[in-house]
Amino acid sequence: MTAPIRVRYAPSPTGYPHVGNIRTAIFNWLFARHQGGSFILRLEDTDLARTVEGAAEAILESLLWLGLDWDEGPEVGGAFGPYIQSQRLPLYHETAGRLLRQGAAYLCYCSPERLDQMRAEQARRKQPPGYDRRCRELSPDERKALESSGVKPVVRFKIPLEGQTTFTDIIRGEVTFQNSTLDDFVLLKSDGYPTYHLANIVDDHEMQVSDVLRAEEWLSSTPRHLLLYAAMGYEPPRFAHLPMILGPDRSKLSKRHGATALLEFREQGYLPEAMLNFLTLLGWSLDDHTELMSREEIVSNFSLERVSQTAAIFNHQKLEWMNGVYIRHLSPDEFTRRMLPFLEKGLPPEVTRPVPFEYARRLAPLIQERTKTLAETVALTDFFFVEQLQYEASLLLDKGLSREMAIQALKTARERIETLDQFDSASLEGLLRPLATGVGMNASGFFGLLRVAVTGRKAAPPLFQTMEALGRQRCLDRMEMALAGLQR
RNA sequence: GGCGCAUUCGUCUAGUGGCCUAGGACGCCGCCCUCUCAAGGCGGAGAUCACGGGUUCGAAUCCCGUAUGCGCUACCA
């Protein structure tokens with residue numbers, strides 16, 4: 001019987017998680033769900049200085065929004081808690097102490113200033129940077145002197161001076177590092193907090209993590225971690241280093257690249273199911289043609305074997321297309337429910353709140369197939385809600401239409417609409433289509449004129465349905481306004 | 001600079017020695033549909049598989065080298 005699959009997503013609350021970060025969470029979650037294993041969430045808040053207020057909440061919210069549920073972690077607990085590293089300090093101290101006693105680690109008294117100087121010197125002489133191990137073999141006298149000087153030491157790991165460390169990465173195959181290229185990294189900082197390296201191996205071991213799925217940027221640290229596992233006598237987990245997600249300039253994703261935090265996509269009106277599908281495809285594929293997949297389909301098909309080795313550039317246009325597809329697949333009711341918060345937030349303040357569901361529901365069929373993001377529904381529907389349309393009268397005179405012709409056409413249309421029996425799209429079409437020739441215009445031009453009069457814009461949903469949704473009185477009022485604009 | 005990883009259309013990717021005169025998708029272009037805008041349908045342009053050597057009857061696929069890109073090189077994760 002093999003050990004159960006246990007994976008973890010271990011973000012640090014130093015900012016709002018961006019899409020690259022979240023993609024790592026997605027792959028971990030998919031792997032766990034596909035394998036019937038456990039998905040653990042662990043907060044790595046060991047850097048006091050960089051911790052950002054609200055970031056931890058944003059992490060949980062991001063996962064929740066995408067529907068990535070965790071089996072163990074903050075909020076839900078679990079048998080291996082606590083799942084917040086700042087609450088596990090004694091564990092790290094204990095491990096550091098043991099390493100110290102074994103002679104696998106040592107106290108280092110070098111000041112940050114000295115280390116800076118050392119690095120500058122190394123750079124100047126074009127030597128490989130890294131701690132020069134000054135404190136590695138301190139004599140008892142030297143140690144005593146430094147201790148009494150009052151400086152708070154850090155604990156450093158003693159990297160073996162010779163040999164090599166090799167491991168098999170699930171995605172990249174065999175990778176080898178010469179130990180001589182590794183330096184004595186810090187395990188415990190002088191403020192008593194562990195570094196990532198220490199906390200990471202202690203917790204992954206304690207929490208019985210079977211597979212570490214993390215971004216490629218960690219590949220270079222893996223030999224250090226392996227050496228640590230060995231020093232502790234722990235069996236290391238399997239490793240899989242996932243390809244990174246890059247900005248359009250091919251560099252590591254950052255704020256520079258604009259909206260990259262996952263929750264910003266929610267603000268912009270992207271659907272979580274579309275985000276999940278799209279992000280999964282950044283680095284994983286099912287075959288040579290399947291792209292649209294439900295959460296269930298992805299879970300049942302996911303495997304690390306099909307994860308790509310190459311970093312991917314985030315293609316915003318493709319996301320937008322995919323979001324549009326997902327929006328079109330929504331039922332009209334569901335579409336309405338999802339757009340309502342955006343209308344509440346985005347419509348001009350003079351529009352009365354709350355925006356009625358029933359009316360929004362009537363508009364849904366008119367705009368659903370033309371919306372790519374929910375945020376766009378505001379611009380797509382605002383003329384249904386505002387009292388006063390704002391547009392240049394010249395917009396009415398498209399394609400060389402004369403003022404006189406337009407005025408005549410609008411007057412005629414208005415009179416006929418006033419006396420129309422039924423004000424619905426079929427009746428409107430029955431009336432207006434033949435009327436075009438009557439006013440000396442072709443249908444396209446006539447409808448275009450009416451469209452501008454009634455919506456204030458040249459591109460809008462189909463005219464007759466739009467007019468029906470607007471209602472007779474508002475249509476007449478707006479035609480009146482258009483006439484006034486033309487006659488001024 | 002050192003170490004590591006990677007390299008197929010602009011982008012995401014399929015491809016695990018012959019099915020590849022390299023397939024799909026987004027985007028782009030054209031046509032059709034059409035009251036505008038979308039959506040949809042059809043078609044097109046777009047990759048000498050980074051480059052150079054091997055191995056093999058045969059290489060995008062295996063090996064070596066070079067180039068380029070990215071990552072790491074903190075008392076950050």
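Hydrogens, waters and symmetry mates play no part in the numbers below; they use all other heavy atoms, side chains included. Quick note on labels: first sequence line is chain A, next is B, and so on, each numbered from 1. This is a predicted model, so every value here is computed, not measured.
Within the structure, every side-chain polar atom (N or O) of A:Lys318 is placed at least 4.0 Å from both OP1 and OP2 of B:rU13. Using a 4.0 Å cut-off, no side-chain N or O of A:Arg457 falls inside it from OP1 or OP2 of B:rU36. Between A:Arg50 and the phosphate of B:rA74, there is no side-chain N or O to OP1/OP2 separation shorter than 4.0 Å. Taking only side-chain nitrogens and oxygens, A:Ser285 comes nearer than 4.0 Å to OP1 or OP2 of B:rA14. Contact between the side-chain N/O atoms of A:Arg224 and the OP1/OP2 oxygens of B:rA74 is not found at any separation under 4.0 Å. Distances shorter than 4.0 Å separate none of the side-chain N or O atoms of A:Ser12 from OP1 or OP2 on B:rC76. Between A:Lys189 and B:rA77 there is a side-chain polar atom (N or O) within less than 4.0 angstrom of OP1 or OP2. Side-chain N/O atoms of A:Gln317 include none lying less than 4.0 angstrom from OP1 or OP2 on B:rC26. In this structure, A:Thr310 reaches the B:rU7 phosphate: one of its side-chain N or O atoms is under 4.0 Å from OP1 or OP2.
Side-chain atoms of A:Arg250 and base atoms of B:rC70 include no donor and acceptor less than 3.5 Å apart. Counting distance only, with no hydrogens placed and no angle test, the side-chain atoms of A:Arg370 and the base atoms of B:rC37 include a donor-acceptor pair under 3.5 Å. Between the side chain of A:Thr181 and the base of B:rG2 there is no donor-acceptor pair of N/O atoms closer than 3.5 Å.
Contact check on A:Arg338 versus A:Glu273 returns a salt bridge, with a Lys/Arg side-chain nitrogen under 4.0 Å from an Asp/Glu carboxylate oxygen. Salt bridge status for A:Lys318 with A:Glu291: present, with a side-chain N to carboxylate O gap under 4.0 Å.
Note on A:Tyr196: a base of the nucleic acid sits closer than 4.0 angstrom, heavy atoms only. Within 4.0 Å (heavy atoms only), A:Gly283 reaches sugar-phosphate atoms of the nucleic acid but no base atom. Within the 4.0 angstrom heavy-atom criterion, no nucleotide atom of any strand lies near A:Thr290. Contact annotation for A:Lys126: backbone-only contact, meaning every heavy-atom pair under 4.0 Å involves sugar-phosphate atoms and none involves a base. Across all strands shown, A:Cys108 has no heavy atoms under 4.0 Å from either base or sugar-phosphate atoms. Here A:Ala460 lies in heavy-atom contact (under 4.0 Å) with a base. Among the heavy atoms of the strands lying under 4.0 Å from A:Leu463 is at least one base atom, whether or not backbone atoms are also near. As judged by a 4.0 angstrom heavy-atom cut-off over every strand, A:Pro194 is placed among residues touching the sugar-phosphate backbone only. When heavy atoms are screened at a 4.0 angstrom cut-off, A:Thr371 is found touching no nucleic acid atom at all. Looking at heavy-atom distances under 4.0 Å, A:Met322 makes no contact with the nucleic acid at all.
With B:rG71, B:rC35, B:rG2 as the candidates, the nucleotide lying closest to the side chain of A:Ser220 is B:rG71. Side-chain proximity of A:Val154 to the nucleotides B:rU73, B:rA77, B:rC75 is greatest for B:rC75.
Judged by Watson-Crick or G-U wobble contacts below 3.5 Å, the nucleotide B:rG43 has B:rC29 as its partner. The partner of B:rC72 is B:rG2, by the rule that a Watson-Crick or G-U pair needs both atom distances under 3.5 Å. Within the shown strands, nothing qualifies as a pairing partner of B:rU48 under the Watson-Crick or G-U definition with both distances less than 3.5 Å.
For B:rU8 and B:rC70, the P atoms lie 14 Å apart once the distance is rounded to whole Å.
Annotation: of the two residues near RNA chain B, A:Arg306 and A:Leu319, the 5′-most nearest-nucleotide partner is A:Arg306. A residue-by-residue look at A:Trp321 and A:Glu44 shows that A:Trp321 has its nearest nucleotide of RNA chain B further toward the 5' end.
With A:Asp183 contributing its side chain and A:Tyr131 its backbone, the two residues share a donor-acceptor pair below 3.5 Å.
Relative to the ring axis of A:Phe27, A:Arg23 places its NZ or CZ within 45° and under 6.0 Å from the centre.
In A:Arg361, the CZ atom is crowded: over 12 heavy atoms of neighbouring residues, nucleotides or ligands sit closer than 6.0 Å.
Note on ring orientation: taking the six-membered ring where Trp is involved, the planes of A:His197 and A:His225 are tilted (angle from 30° to 60°). Using cut-offs of 30° and 60° for the angle between ring planes, the A:Phe314 and A:Phe278 rings count as perpendicular.
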